[in-house]
Amino acid sequence: MKFLQPPPRFLAAMIMFLALAGCGGERQSAAAPENSAGAGSAVEEAPDMDRLARDYVLLVLELGNHDDSYVDAYYGPEELKQQAAASDATPAAIAERARALRQQLPAEIPADGDLENLRRHYLKTQLRAVIAHAESLAGAAGPSFERETQLLYDTRPPQRKLADFEPVLAELDQLLPGDEPLHLRVQAFKKQFVIPDDKMEAVFDAAIDACRERTKKHIQLPADEHFVLEYVTDKPWSGYNWYRGGARSLIQINTELPVMIDRAIDLGCHEGYPGHHTYNALLERALVDDRGWIEYSVYPLFSPQSLIAEGSANYGIELAFPGEEKTRFEKEVLYPLAGLDPSQAEKYDRVLELIEQLGYAGNEIARQYIDGEIEGDQVVALFQKYTVKSPEKAAQRKRFVDTYGAYVINYNWGKQLVADYVEQGVASPDERWQRFATLLSSPRLPSSLDW
Ligand SMILES: [Zn+2]
């Protein structure tokens with residue numbers, strides 16, 4: 001592990017992780033064929049699917065011309081990138097082509113089954129999201145939280161009332177008594193857990209190492225996988241994984257606002273192991289490299305795949321650090337590295353559990369905002385009250401909803417769906433890991449999870 005000199009505006013750290021040679025791998029050793037429409041595949045419908053897949057990739061890349069946030073990752077054929085860059089297709093025209101493409105798939109496709117079937121289901125469901133997002137960009141559809149969750153994320157999250165969260169707020173109030181508004185007391189309490197700037201690298205290195213070691217015990221990672229870690233500011237998110245292909249990622253951590261000690265493992269697992277970096281690398285190996293299915297080399301952010309990505313990344317934290325293990329590791333390793341007093345660690349842990357429950361209040365605030373029931377300062381005030389965020393964090397959350405809409409459900413509701421799927425009838429920790437690894441290596445979408 002080695003670090004680069006920090007550039008002026010942000011600290012950049014390069015982390016090279018060289019995996020130990022895997023033993024007895026399950027990986028197929030088939031060479032990765034480039035798209036070979038008409039080249040004669042052993043599977044009867046494969047040529048058609050390859051052609052559809054190629055058209056889908058092109059549509060996603062072309063829609064990216066109209067929305068900078070849309071194409072989260074692409075590492076497929078360069079010629080498609082160039083073809084998309086030269087395209088002047090409007091969102092309305094892209095929606096029309098996506099509809100025509102979708103009609104070439106069977107009307108009824110089960111949401112689960114073998115990999116070939118999952119491939120067809122994936123393409124059909126992802127295309128529905130392409131159409132919906134293109135229609136939004138074309139101005140053909142008004143903003144609607146429910147429309148986004150169903151068409152973009154393939155799910156129907158439970159709707160909760162803000163009043164449902166009063167008992168959670170009451171417990172926080174008891175834990176942190178005082179006269180000031182609760183969100184100010186929570187923020188004052190959290191201040192003692194802020195990682196000092198000069199300790200940031202050491203803490204994140206140790207956290208990421210631990211996330212990776214725990215993941216490697218259960219999942220065979222690509223031998224040459226690695227990522228670069230950068231510290232940035234002025235973003236609407238707290239961390240981001242930019243997948244580059246070839247089992248490589250750029251992971252950015254936003255240090256604009258204070259970073260608390262618990263975020264090190266959260267972000268290490270979520271962005272790295274067994275979260276986004278791992279998910280992307282496993283999908284690439286299992287589907288793009290081993291099978292030559294190029295549709296998985298593009299990742300449209302506003303699509304059902306994001307629920308699986310965010311849900312598995314958040315569930316992965318608890319998978320890697322079950323029960324008390326996260327707090328124990330933080331007390332033994334991270335608090336000393338950060339020079340922080342661990343005596344309040346358990347109380348902090350309970351406060352964080354309660355704050356996590358308030359995440360669903362955040363979904364409801366986003367729903368009201370997107371549906372035009374509240375606006376501006378009201379949104380920030382509700383985020384402060386019901387998710388106990390500081391004014392700055394609440395404003396950052398509003399910016400997040402401005403940029404990403406109903407995407408917020410993917411974190412908590414996505415985590416719940418992934419947890420239910422992975423833990424269904426599964427007893428041992430190792431079985432959980434294996435089901436989790438299977439999910440991360442297959443094109444399962446939200447509607448595939450309740451089968
Ligand atoms: Zn994420």
Side-chain angles (χ1 to χ4, degrees), residues 19 22 25-64 71-85 97-98 101-102 104-106 109-127 129-130 219-225 242-249 276-300 303-305 308-309 437-445 448:
E26 300 154 28
R27 181 180 176 181
Q28 303 287 312
S29 59
E34 273 303 303
N35 176 51
S36 55
S41 162
V43 180
E44 199 181 339
E45 66 231 321
D48 271 346
M49 281 304 292
D50 287 346
R51 181 180 56 76
L52 295 181
R54 199 176 173 84
D55 289 349
Y56 159 79
V57 172
L58 188 59
L59 281 171
V60 170
L61 294 176
E62 286 181 73
L63 196 53
V71 181
D72 193 73
Y74 179 62
Y75 53 87
E78 180 64 24
E79 73 205 57
L80 288 180
K81 200 171 171 179
Q82 290 171 7
Q83 202 178 330
R97 278 166 48 208
L101 192 61
R102 193 164 185 267
Q104 295 177 49
L105 288 157
I109 305 175
D112 205 350
D114 63 16
L115 266 187
E116 297 283 350
N117 191 76
L118 285 171
R119 185 188 191 194
R120 287 188 287 271
H121 174 259
Y122 172 94
L123 196 59
K124 186 150 185 173
T125 314
Q126 291 283 115
L127 273 168
V130 172
I219 295 179
Q220 192 198 348
L221 299 169
D224 57 348
E225 59 84 16
W242 305 96
Y243 193 66
R244 304 299 200 210
R248 283 157 171 72
S249 290
H276 294 324
H277 175 68
T278 305
Y279 177 46
N280 284 300
L282 292 183
L283 273 189
E284 179 179 21
R285 181 174 69 188
L287 303 178
V288 181
D289 289 352
D290 289 353
R291 291 179 177 262
W293 292 354
I294 67 164
E295 64 269 41
Y296 303 100
S297 66
V298 72
Y299 174 9
S303 77
Q305 196 178 339
I308 305 295
T438 302
L439 175 64
L440 262 53
S441 308
S442 67
R444 283 178 172 79
L445 293 179
S448 311

Side chain [X], main chain [Y], donor-acceptor under 3.5 Å:
X    : Y    : value
N117 : P110 : yes
K124 : P106 : yes
E284 : A247 : yes
R248 : G246 : yes
S303 : P300 : yes

If you round to the nearest 0.5 Å, how far is [atom2] of [Y] from [atom1] of [X]?
X    : Y    : atom1 : atom2 : answer
R120 : L105 : CZ    : CG    : 9.0 Å
H121 : Q126 : NE2   : CD    : 10.0 Å
I109 : R119 : CD1   : CZ    : 12.0 Å
R285 : L440 : CZ    : CG    : 11.0 Å
L282 : D289 : CG    : CG    : 11.5 Å
S297 : K81  : OG    : NZ    : 11.0 Å

Review point. Under the side chain to side chain contact (heavy atoms under 4.5 Å, CB included) criterion, do S249 and W242 qualify, and how do the steps go?
Key: CA-CA 6 Å; S249 290; W242 305 96; over 6 Å; no
Please report the closest heavy-atom contact between [X] and [Y], naming both atoms and the distance.
X    : Y    : value
Y56  : L101 : N-CD2, 3.7 Å
A111 : L118 : O-CD2, 3.5 Å
A98  : L59  : CA-CD1, 3.6 Å
I308 : L445 : CD1-C, 3.7 Å
Y75  : R244 : CB-O, 3.7 Å
T125 : P304 : CG2-CG, 3.9 Å

Check your understanding: So V71 and L61, side chain to side chain contact (heavy atoms under 4.5 Å, CB included) or not? Walk me through it.
Key -> CA-CA 7 Å; V71 181; L61 294 176; 4.1 Å; yes
Practice item. Could you check R444 against D112 for salt bridge (charged side-chain N to carboxylate O under 4.0 Å, His left out), going step by step and ending with a plain yes or no? Key: CA-CA 8 Å; R444 283 178 172 79; D112 205 350; 3.5 Å; yes
Check your understanding: Any side-chain heavy atom of R97 sitting closer than 4.5 Å to one from D55?
Key -> no
**Study point:** Pairing residues for L283 by the side chain to side chain contact (heavy atoms under 4.5 Å, CB included) criterion, not counting sequence neighbours
**Key:** Y279, L287, Q305
**Study point:** Sequence-distant partners of A73, side chain to side chain contact (heavy atoms under 4.5 Å, CB included), two or more places apart
**Key:** Y243, Y299
Practice item. List the steps, then state whether side chain to side chain contact (heavy atoms under 4.5 Å, CB included) holds for L80 with V298. Key: CA-CA 11 Å; L80 288 180; V298 72; over 6 Å; no
Review point. Between R51 and Q104, do the side chains contain an N or O donor and an N or O acceptor separated by less than 3.5 Å?
Key: yes
Exercise for review: Start with the C-alpha distance between L52 and E295, add both sets of side-chain angles, then the distance that settles side chain to side chain contact (heavy atoms under 4.5 Å, CB included), and finish with yes or no.
Suggested key: CA-CA 9 Å; L52 295 181; E295 64 269 41; over 6 Å; no
Point to revise | E79 bridged to R54 by N-O distance under 4.0 Å | key: yes
Point to revise | Salt bridge present between R291 and D50 (N-O < 4.0 angstrom) | key: no
